[in-house]
*Asks:* 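Before I ask anything, here is the structure I am working with.
Here is how names work: the chains are called A, B, and so on, in the same order as the sequence lines, proteins then strands, and each is numbered from 1.
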2 protein chains.
Amino acid sequence: MARAATTTDAFNAVAEPRRRQILDLLAQGERPVNDLVVALGLAQPQVSKHLRVLREVDLVRVRDEGRHRLYRLNAGPLRSIHDWLRKYEQQWNARFDLLDTVLADLKEEEADGTD
Amino acid sequence: MARAATTTDAFNAVAEPRRRQILDLLAQGERPVNDLVVALGLAQPQVSKHLRVLREVDLVRVRDEGRHRLYRLNAGPLRSIHDWLRKYEQQWNARFDLLDTVLADLKEEEADGTD
DNA sequence: AAACCATATACCCATAACGGAATACGTCAA
DNA sequence: TTGACGTATTCCGTTATGGGTATATGGTTT
C-alpha cells in the first residue's frame with residue numbers, strides 16, 4: 001500500500017503547506033481562483049488541483065459567479081484534528097519530563113538523607 | 001517533486017492513522033515496541049518504521065532499558081498544529097455560511113423591494 | 001560461544017503525490 | 001461567431017510511501 005490519499009481526510013489534506021496557505025487566505029473571505037494564484041505565486045493548474053483536494057474533504061466550498069468561481073472556507077473538518085489534539089494539550093510544555101526529573105531527585109534526597 | 005516526506009514535520013507525520021494510534025498509546029505512558037505491536041495488531045517491522053518517523057520529527061523519545069527500547073511521547077511538536085488551527089476555532093460551527101445567506105437575502109429584498 | 005529475545009534495517013511492490021506543460025471547458029464581449 | 005478570459009483536467013516524470021518478508025544488530029541467559 002502507498003500513503004493514504006490526500007483526499008482521505010482533513011489530516012492528509014492539510015499536511016501540504018500550500019493547502020494550508022490557501023485556507024489561510026480564504027479565512028479572510030471568499031476569493032476567485034486567480035486571486036489565490038497571484039497571492040501564492042503558484043501556477044494556476046496547481047492551485048486548481050489543490051482546491052480540488054480541499055473540496056473533496058469539504059474544507060472549501062465553491063460558488064459560481066459568471067466565469068469566476070468563488071471559493072470559501074469551510075472550517076468544519078478541521079475540528080476533527082482539533083479534537084484529536086485536545087488530549088495532548090496539557091503535555092506540550094514538556095513539563096512531564098521535568099516533573100519526572102524533579103520527582104526522582106526528591107526521592108533520592110529523601111532516601112540518602114543528603115541535605 | 002513528490003509529496004513532502006512524512007518526516008518533514010508533525011503535520012505529515014501525524015497524517016498517518018497508525019502513527020496517531022501510536023501516540024495515543026504512548027500518551028498513557030512509556031512502552032516497549034512489542035507492547036505497541038500487540039496493541040496495534042501490526043507486524044513488528046511496520047511499528048518500528050512508524051516509530052522512526054515519529055522519532056525524526058521528535059514526537060517520541062527513546063530510552064534503552066536492557067534489550068528493550070522504551071518509547072515515550074513528546075507532544076511538543078503537536079503544538080505547531082494546534083497553533084495553526086487556532087485561527088479557525090471560531091469558524092467551525094459554519095455560522096459564517098449562515099451569515100452569508102442571511103446577508104444575501106437581505107440585500108435582495110432591499111434591492112427589488114419585494115417583500 | 002550458542003541460542004534466544006527485542007528491535008531495526010534492507011529490499012520489493014503497488015500506489016499516488018506534486019509540479020510542469022498542454023489543452024479542454026464554460027462564460028462573456030464584440 | 002470568434003476570440004478572450006477564468007478555471008479545470010490530462011499526461012508526464014520523479015519521488016517516497018506503507019505493507020510484506022527476510023535479515024541484521026544488540027543484549028541477555030545458559
*Asks:* Can you tell me the distance, in whole Å, between the CG atom of A/L51 and the C1' atom of D/dT9?
*Replies:* 14 Å

*Asks:* What is the distance, to the nearest angstrom, from the CG atom on B/N12 to the P atom on D/dT17?
*Replies:* 10 Å

*Asks:* Could you pick out which residue, A/K49 or A/A4, lies toward the 5' side of DNA chain C when each is mapped onto its nearest nucleotide?
*Replies:* A/A4

*Asks:* Roughly, in whole Å, what's the span from CZ in B/R63 to P in C/dA6?
*Replies:* 17 Å

*Asks:* From the options D/dT7, C/dA6, C/dG20, select the nucleotide whose nearest atom is closest to the side chain of B/H68.
*Replies:* C/dA6

*Asks:* Report the distance from atom CG of A/L54 to atom P of D/dA8, rounded to the nearest whole Å.
*Replies:* 12 Å

*Asks:* To the nearest angstrom, how far is B/D64 atom CG from C/dA8 atom P?
*Replies:* 9 Å

*Asks:* Is there a path from A/F11 to B/V57 through hydrophobic residues (I, L, V, M, F, W, Y) whose side chains come within less than 4.5 Å of each other?
*Replies:* yes

*Asks:* Taking B/L23 as the starting point, is it possible to reach B/V38 by hopping between hydrophobic residues whose side chains are less than 4.5 Å apart?
*Replies:* no

*Asks:* Atom CZ of A/R69 and atom P of C/dG26: how far apart are they, to the nearest Å?
*Replies:* 11 Å

*Asks:* Answer yes or no: does a side-chain N or O of A/R3 lie under 4.0 Å from OP1 or OP2 of C/dT15?
*Replies:* no

*Asks:* Among D/dG19, C/dA17, C/dC4, which is the nearest nucleotide to the side chain of B/R67?
*Replies:* C/dC4

*Asks:* CZ of B/R31 versus C1' of C/dT7: gap in Å, rounded?
*Replies:* 17 Å

*Asks:* Between P on C/dA16 and CD on B/E16, what's the gap in Å once rounded to a whole number?
*Replies:* 14 Å

*Asks:* Checking side chain to side chain donor-acceptor pair (under 3.5 Å) between B/E30 and each of B/R72, B/R61, B/R63, which is the one that passes?
*Replies:* B/R63

*Asks:* Using modelled atom types only, decide if a donor and an acceptor are shared between the side chain of A/Y88 and the backbone of B/D24 within a distance under 3.5 Å.
*Replies:* yes

*Asks:* Taking the side chain as C-beta and beyond, is there a heavy-atom pair between B/I22 and B/L59 under 4.5 Å?
*Replies:* no

*Asks:* What residue among B/L51, B/N12, B/V53 forms side chain to side chain contact (heavy atoms under 4.5 Å, CB included) with B/R19?
*Replies:* B/V53

*Asks:* Under 4.0 Å from OP1 or OP2 of D/dA8: is there any side-chain N or O of A/Y71 that close?
*Replies:* yes

*Asks:* When you match B/L70 and A/H50 each to their closest nucleotide on DNA chain C, which lands nearer the 5' end?
*Replies:* B/L70

*Asks:* Using the side-chain heavy atoms of A/R55, tell me which of these nucleotides is nearest: D/dT9, D/dG19, C/dT7.
*Replies:* D/dT9

*Asks:* Which word best sums up how the rings of B/H82 and A/H82 line up, parallel for under 30°, tilted for 30 to 60°, or perpendicular for over 60°?
*Replies:* parallel

*Asks:* Listed in order of residue number, which residues of residues 39-48 of chain A have a non-hydrogen atom at under 4.0 Å from DNA chain D?
*Replies:* A/Q44, A/P45, A/S48

